[in-house]
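Heads up: numbering here begins at 1 and tracks the sequence.
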Amino acid sequence: MCEVNVYIKKGAKETLVLKDVDVVKPDGAKVVISNIFGEQKIIKARIKEVNLANHKIVLE
């Protein structure tokens with residue numbers, strides 16, 4: 001499987017938003033993320049970094 005954890009970065013701090021994410025959809029000034037358990041979050045952010053080797057996406 002290829003799930004990732006999504007974090008939001010504010011300043012130097014990264015906070016976990018959602019684990020086991022398998023869908024990431026940019027939507028204008030928002031990002032829609034969904035995980036394998038059906039949880040979905042809409043976050044006013046942009047994608048800063050995608051690191052698939054570490055299973056991590058950082059938003060800001």
Side-chain angles (χ1 to χ4, degrees):
M1 302 290 278
C2 209
E3 295 86 24
V4 298
N5 294 328
V6 175
Y7 297 84
I8 187 99
K9 184 170 185 167
K10 292 184 181 175
K13 183 179 177 186
E14 290 182 1
T15 304
L16 180 65
V17 176
L18 192 60
K19 287 182 145 185
D20 300 319
V21 172
D22 60 347
V23 177
V24 178
K25 294 181 186 176
D27 183 20
K30 300 177 206 161
V31 178
V32 180
I33 56 175
S34 304
N35 71 9
I36 60 174
F37 305 110
E39 294 176 83
Q40 183 180 61
K41 293 191 177 189
I42 301 171
I43 302 163
K44 186 175 179 182
R46 67 181 185 91
I47 298 171
K48 177 181 169 92
E49 176 185 349
V50 176
N51 188 329
L52 297 178
N54 290 330
H55 303 277
K56 181 178 182 178
I57 294 176
V58 179
L59 306 175
E60 69 174 0

- [ ] Would you check if K41 and V17 make a side-chain contact, meaning some heavy-atom pair closer than 4.5 Å?
- [x] yes

Open item on the list: If you define the side chain from C-beta out and look only at heavy atoms, does anything of V21 sit under 4.5 Å from S34?
Closed with: no

Euclidean distance, [Y] [atom2] relative to [X] [atom1], rounded to 0.5 Å:
X	Y	atom1	atom2	answer
I33	D20	CD1	CG	11.5 Å
I57	I8	CD1	CD1	12.0 Å
Y7	K19	OH	NZ	7.5 Å
L18	L59	CG	CG	10.5 Å

TODO: Go through the steps to decide whether K10 and E60 satisfy the test salt bridge (charged side-chain N to carboxylate O under 4.0 Å, His left out), and finish with yes or no.
DONE: CA-CA 7 Å; K10 292 184 181 175; E60 69 174 0; over 6 Å; no

TODO: Measure across I36 and D22 and return the closest heavy-atom pair with its distance rounded to 0.1 Å.
DONE: CG2-OD2, 3.6 Å

Task: Smallest separation among heavy atoms of V24 and V31, with atom names - done: CG1-CG1, 3.7 Å

Task: D27 side chain vs K30 backbone, donor-acceptor pair below 3.5 Å - done: no

TODO: Check whether any side-chain N or O of N35 sits under 3.5 Å from a backbone N or O of F37 as a donor-acceptor pair, and report yes or no.
DONE: yes

- [ ] Go through the steps to decide whether N5 and K56 satisfy the test side-chain contact (heavy atoms from CB on, under 4.5 Å), and finish with yes or no.
- [x] CA-CA 5 Å; N5 294 328; K56 181 178 182 178; 5.8 Å; no

Open item on the list: E49: which residues meet the salt bridge (charged side-chain N to carboxylate O under 4.0 Å, His left out) condition with it, sequence neighbours left out?
Closed with: none

